[in-house]
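Okay, so here's the structure we're looking at.
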Amino acid sequence: MPELPEVETVRAGLAAKLVGARVIKIDIADPRSLKRHLLGPRHFVDELIGQTFEAVVRRGKFLWLPFSDSRAMVGHLGMSGQLLLRTPNYPEDRQTRVVIHAETAQGELVEVRFVDQRIFGSLAIEDLVETVDNQPGGFSPEAPASNLIPVVVAHISRDLLDPDFDPKTVASKMSKRASGIKRVLLDQKLLSGIGNIYADESLWLAKLHYDQPANTIRVSKLLELIEIAKQVLERAVLQGGTSFDEQYKNVNGDSGYFSQSLNAYGQAGKACPRCGGQIERKAWANRGSHFCPRCQRLKT
DNA sequence: AGAAAATCCTGCCGGC
DNA sequence: TGCCGGCAGGATTTTC
């Protein structure tokens, strides 16, 4: 799925119900969704039953729900994961892999349904460690800021919407990479939150070709690209993310509306809204890159 | 160490 | 109608 705007939409939806919620029961329909919990599904269940979630935190595309100072349930949606909040009698959702039954702080019974067609996503329980800079581990406005972060997320860089994200340092690192700029934008160890949609959209706005080597782009231009990408993510969060099929929905099963704002992604064959050229889709790194060959030229 | 490719999966869609 | 290739919002591991 799901890039930062979609994951943030899910995070906010979960936080509204799950802060202070206690886990009652867990159903595992497909243990492959717990493959990142190395001690096995049984251990996952035993550890989580009876625990109370203290917050719902996000960094980049990772989510976690701390339930003590030392542990959290970590979720990643992969390409097709969803976390749906349902009432217990709500009809079954297709491809439901794990269901966490909980009682909210208000005494309501809810089900958190982890739905995932391709099973690239996962849930796991992870230890929390302190951030290296002692700043907050991630975004969680409903709960007191904490400098803790799950070990499996610690190597992911701060995302573009993080107040402690440092554009200058990141632009400088980018300018030393020989890879194409799109590959660099997607490197979550450099900056997190951007995926295929928002990479293509940001590059279109910046008039950069996806294969332009990052080390051939001026640092000032890289800073501009970072700022553009940040604005794209912010606007997409306001629209509830991008939905164009059944694979991304918010916690209520509703679509986001940023797809109406797309200029390049998924627009192959259509006119470039800027220059009137024809948007192309090119096979790229096992997926696709969408761009305008007329106003996003590879510079030598 | 950095870069690129391979891998983990299921389902839908269009073309023949 | 049915089969097959192509395609899908990602991260990690492997290989060079």
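What you see is a predicted model; the values in this text were computed from it and never measured. Note on naming: letters A, B, ... go to the chains in the order of the sequence lines (proteins, then strands), and numbering restarts at 1 for each one. When reading the values below, keep in mind they use all heavy atoms of this one structure, side chains included, and skip hydrogens, waters and symmetry mates.
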Dump every N/O contact between nucleotides 9-12 of chain B and the protein below 3.5 Å, one line per pair.
unit_1	atom_1	unit_2	atom_2	d
B/dC9	O3'	A/Arg32	NH1	3.3
B/dC9	O2	A/Arg118	NE	3.2
B/dT10	OP1	A/Arg32	NH1	3.1
B/dT10	O4'	A/Gln117	O	3.2
B/dT10	O2	A/Gln117	OE1	2.7
B/dG11	O4'	A/Gln117	OE1	3.4
B/dG11	O4'	A/Gln117	NE2	3.4
B/dC12	OP1	A/Arg94	NH2	2.6

Review item, nucleotides 12-16 of chain C N/O atoms under 3.5 Å of protein N/O:
unit_1	atom_1	unit_2	atom_2	d
C/dT12	OP2	A/His155	NE2	3.3

Under 3.5 Å between N/O atoms: give me all the protein pairs with nucleotides 3-7 of chain B, atom names plus distance.
unit_1	atom_1	unit_2	atom_2	d
B/dA3	OP1	A/Ala178	N	2.8
B/dA3	O5'	A/Ser179	OG	3.3
B/dA4	OP2	A/Ser179	OG	3.1
B/dA4	OP2	A/Arg183	NE	3.1

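When the side-chain contact (heavy atoms from CB on, under 4.5 Å) test is applied to A/Pro144, no partner is found at least two apart in sequence or on another chain. Among residues two or more places apart in sequence or in another chain, the salt bridge (Lys or Arg N to Asp or Glu O under 4.0 Å) test is passed with A/Glu201 by none. Legend: residues meeting salt bridge (Lys or Arg N to Asp or Glu O under 4.0 Å) with A/Lys182, ordered by chain and number and at least two apart, are A/Asp200. Partners of A/Thr169 according to the side-chain contact (heavy atoms from CB on, under 4.5 Å) rule, which considers only residues two or more places apart in sequence or in another chain, are A/Asp166, A/Lys173.
Its side chain within the 4.5 Å cluster rule, A/Val57 clusters with A/Phe62, A/Trp64, A/Val74, A/Leu128, A/Val129, A/Leu148, A/Ile149, A/Val151, A/Val152, A/Val153, A/Ile156 among the Ile, Leu, Val, Met, Phe, Trp and Tyr residues. In this structure, A/Val115 belongs to a hydrophobic cluster whose other members, linked by side-chain heavy atoms under 4.5 Å apart, are A/Leu84.
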Which side-chain N or O atoms in residues 202-209 of chain A pair as donor and acceptor under 3.5 Å with protein atoms at least two apart or in another chain?
unit_1	atom_1	unit_2	atom_2	d
A/Ser202	OG	A/Tyr198	O	2.6
A/His209	ND1	A/Asp211	N	2.9

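The existence of a salt bridge linking A/Asp27 and A/Lys25 is confirmed by a sub-4.0 Å separation between a basic side-chain nitrogen and an acidic carboxylate oxygen. Using a 4.0 Å cut-off between charged nitrogen and carboxylate oxygen, A/Asp46 and A/Arg42 count as a salt-bridge pair.
Residue-level contact check: A/Asp116 touches neither bases nor backbone, having no heavy atom under 4.0 Å from any strand. As judged by a 4.0 angstrom heavy-atom cut-off over every strand, A/Phe244 is placed among the base-contacting residues.
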### Task
For DNA chain B, just give me the dot-bracket, please: Watson-Crick or G-U, both distances below 3.5 Å, ( ) intra-strand, [ ] crossing earlier pairs, | paired with another strand, . unpaired.
.|||||||.|||||||
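Here B/dG14 presents its P atom at 13 Å from CG of A/Asp245, a figure rounded to the nearest Å.
Annotation: C/dA11 and B/dG11 have their P atoms spaced 22 Å apart (nearest Å).
Of the residues in residues 215-233 of chain A, not one comes within less than 4.0 Å of DNA chain B through any heavy atom.
Only one option out of A/Gln188, A/Lys61, A/Arg59, A/Glu8 pairs with A/Asp159 in a side chain to side chain contact (heavy atoms under 4.5 Å, CB included); it is A/Arg59.
Within 6.0 Å of CG in A/Asp164 there are more than 12 heavy atoms belonging to other residues, nucleotides or ligands.
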